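This structure is a prediction, so every number in the text was calculated from the model and none was measured.
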Amino acid sequence: MTAVTEAKIKRRVLPSPVTGQEIVLVGVIVVLWAALAVSTPAFLTAGSIQPLLVATAPVALVGVAMTIVIITGGIDVSVGGAIMVCSVLTAKALVGTDGVSLGVAVLLSIAAGGLLGLVNGVLIAYGRVHAIIITFGTANLFMFLGLRIFGSGTVNGIPATLAFFGRGPDGRTLGIPHAFLITLVITAAAWWYLRHTAGGRHFFAIGGDAQAARLAGVRVQRRVLLAYVLTGVLVGLASCFVIAQGTSTLDQSVGSGKELAVIAAVVIGGTSIMGGRGSVLGTLLGALLVQSVASGVTQLGWRSQLSDLFVGIFIIVAVGADLLRARARRSR
């Protein structure tokens, strides 16, 4: 690819450092937290905020990779099933005869997730079938595989090997959960990569017009494959967070509904479901908003279904705003 072509791609697809949607999200979160602090004073205590950040971490972490996938014009609805597979594999390794160390457990989960992501990536990038079809199919395959590994029951007696990512004192530094700190670092790295490297800008170019990107010299299939492998890798790491925030028992509901929470965070964060535009910073804020709503509903003693209602309203508003922006650009 020539320097001139790369410069044209940069001018066309480079997003602004901070979007209006992100500023709005910060404002919404501040107002929501203030309202919850007034309604239930315990909300702004460490005992409430720390679990909230721990719960936000896996959703935001997978959301970082999902943002890149959706920027390319794809989607991955199999992440819930992938979390189940990675979690049960890691949990069973932890309760094995000799057990495994923290590092080995994390590597095992990441490797399993990366392999599942590779399956999705190969089928989508080289099979030329739309991502929603492929990942809907693999979602069912992953869930079947996870249930087979579970066997007929739960995984019991999981040791505290992953406590470094958990809710307890071993999972915090200066009061901030390690899982959330790691998520912040990865989000920052992804933000820098998407904005300041040629490879990152290629993802935006693919989502804007894959054929034009291909003619400009972008290796579209490799980039798409990379996006899904990265999703699998972060699913593996997020699975360690999920295990750590639970009890010593892992049941077959692990990962259930996580794909919806992740996609909601990405869409609310301002990433266009049509591809070509998106922000990992917005996704982090979207995940924090989704989990804040869930936490607030619980602390106020309201019915849990109201959390889904509020998140659904946020999604509709975000998608509507995206469609209005797209219409405004076309009319220029």
Can you see which heavy atom on L300 is nearest to which on T40, and at what distance?
CD2-CG2, 4.2 Å

Do the side chains of T231 and I68 get nearer than 4.5 Å, heavy atoms only?
no

Would you say T72's side chain and V69's backbone share a donor-acceptor pair under 3.5 angstrom?
yes

Which atom of C240 lies closest to which atom of L162, heavy atoms considered:
O-CD1, 3.8 Å

A side-chain contact here means heavy atoms from C-beta on lying under 4.5 Å apart; do F241 and V54 qualify?
no

Just by modelled atom types, is the F164 backbone N or O under 3.5 Å from a matching donor or acceptor in the H178 side chain?
yes

Check against side chain to side chain contact (heavy atoms under 4.5 Å, CB included), F142 and N120
CA-CA 11 Å; F142 296 164; N120 279 334; 3.9 Å; yes

Rounded at 0.5 Å granularity, tell me how far CG in L53 sits from OG in S292.
8.5 Å

Does some side-chain heavy atom of R128 sit less than 4.5 Å from a side-chain heavy atom of Q221?
yes

Side chain to side chain, F165 and L102, heavy atoms closer than 4.5 Å
yes

Gap between atom CD1 of I75 and atom CD1 of I134 - 0.5 Å precision:
14.0 Å

So L289 and L32, side chain to side chain contact (heavy atoms under 4.5 Å, CB included) or not? Walk me through it.
CA-CA 9 Å; L289 177 59; L32 176 62; 3.8 Å; yes

Is it the case that more than 12 heavy atoms not belonging to R214 sit under 6.0 Å from its CZ atom?
yes

Under 3.5 Å side-chain donor-acceptor pair for T283 and T67:
yes

Ignoring hydrogens and geometry, is there a side-chain-to-backbone donor-acceptor pair from S253 to S256 under 3.5 Å?
no

Closest non-hydrogen atom pair between G269 and L25, with its separation:
CA-CD1, 3.7 Å

Look at the side chain of Q50 and the backbone N and O of G175, then say whether any donor-acceptor pair between them is shorter than 3.5 Å.
yes

Taking the side chain as everything from C-beta on, heavy atoms only, tell me whether L237 gets closer than 4.5 Å to L61.
yes

For the backbone of L44 and the side chain of S48, can you confirm whether one donor and one acceptor N or O come within less than 3.5 Å of each other?
no

Would you indicate whether the side-chain heavy atoms of I176 and L184 approach each other to under 4.5 Å?
no

Separation between CD1 (I23) and CG (L285), nearest 0.5 Å, reads 10.5 Å

Grouping I, L, V, M, F, W and Y whenever their side-chain heavy atoms are under 4.5 Å apart, do Y228 and I273 come out in a common cluster?
yes

Could you tell me if the side chain of I158 sits less than 4.5 Å from the side chain of T249, heavy atoms only?
no

Nearest heavy atoms of Q291 and A55, plus distance in Å:
OE1-CB, 3.7 Å

Donor-acceptor under 3.5 Å (S279 side chain, L281 main chain)
yes

From the options T138, V119, N140, select the one residue that forms a side chain to side chain contact (heavy atoms under 4.5 Å, CB included) with S78.
T138

Full working for side chain to side chain contact (heavy atoms under 4.5 Å, CB included) between D76 and V235:
CA-CA 11 Å; D76 188 349; V235 160; over 6 Å; no

Close side-chain approach of I49 to W33, heavy-atom, < 4.5 Å
yes

Determine, using the 4.5 Å side-chain heavy-atom cutoff (strictly less than), whether V100 and L108 are members of one ILVMFWY cluster.
no

When you look at L118 and L225, which way does the side chain to side chain contact (heavy atoms under 4.5 Å, CB included) test go after all the steps?
CA-CA 7 Å; L118 180 63; L225 175 62; 3.8 Å; yes

Which heavy atom in S272 sits nearest to a heavy atom in I70, and how many Å separate them?
O-CG2, 3.3 Å

Using a 3.5 Å distance criterion without hydrogens, assess whether the side chain of K92 forms a donor-acceptor pair with backbone atoms of I149.
yes

Any donor and acceptor pair, going by atom type alone, linking the side chain of T271 with main-chain N or O of G278 inside 3.5 Å?
no

Should the heavy atoms of other residues, nucleotides or ligands under 6.0 Å from OH of Y126 be counted, would the total exceed 12?
yes

State which residues pass side-chain contact (heavy atoms from CB on, under 4.5 Å) with P51; sequence neighbours excluded, sorted by chain then number.
R167

Considering all heavy atoms, the nearest V64-A190 contact:
CG1-CB, 3.6 Å

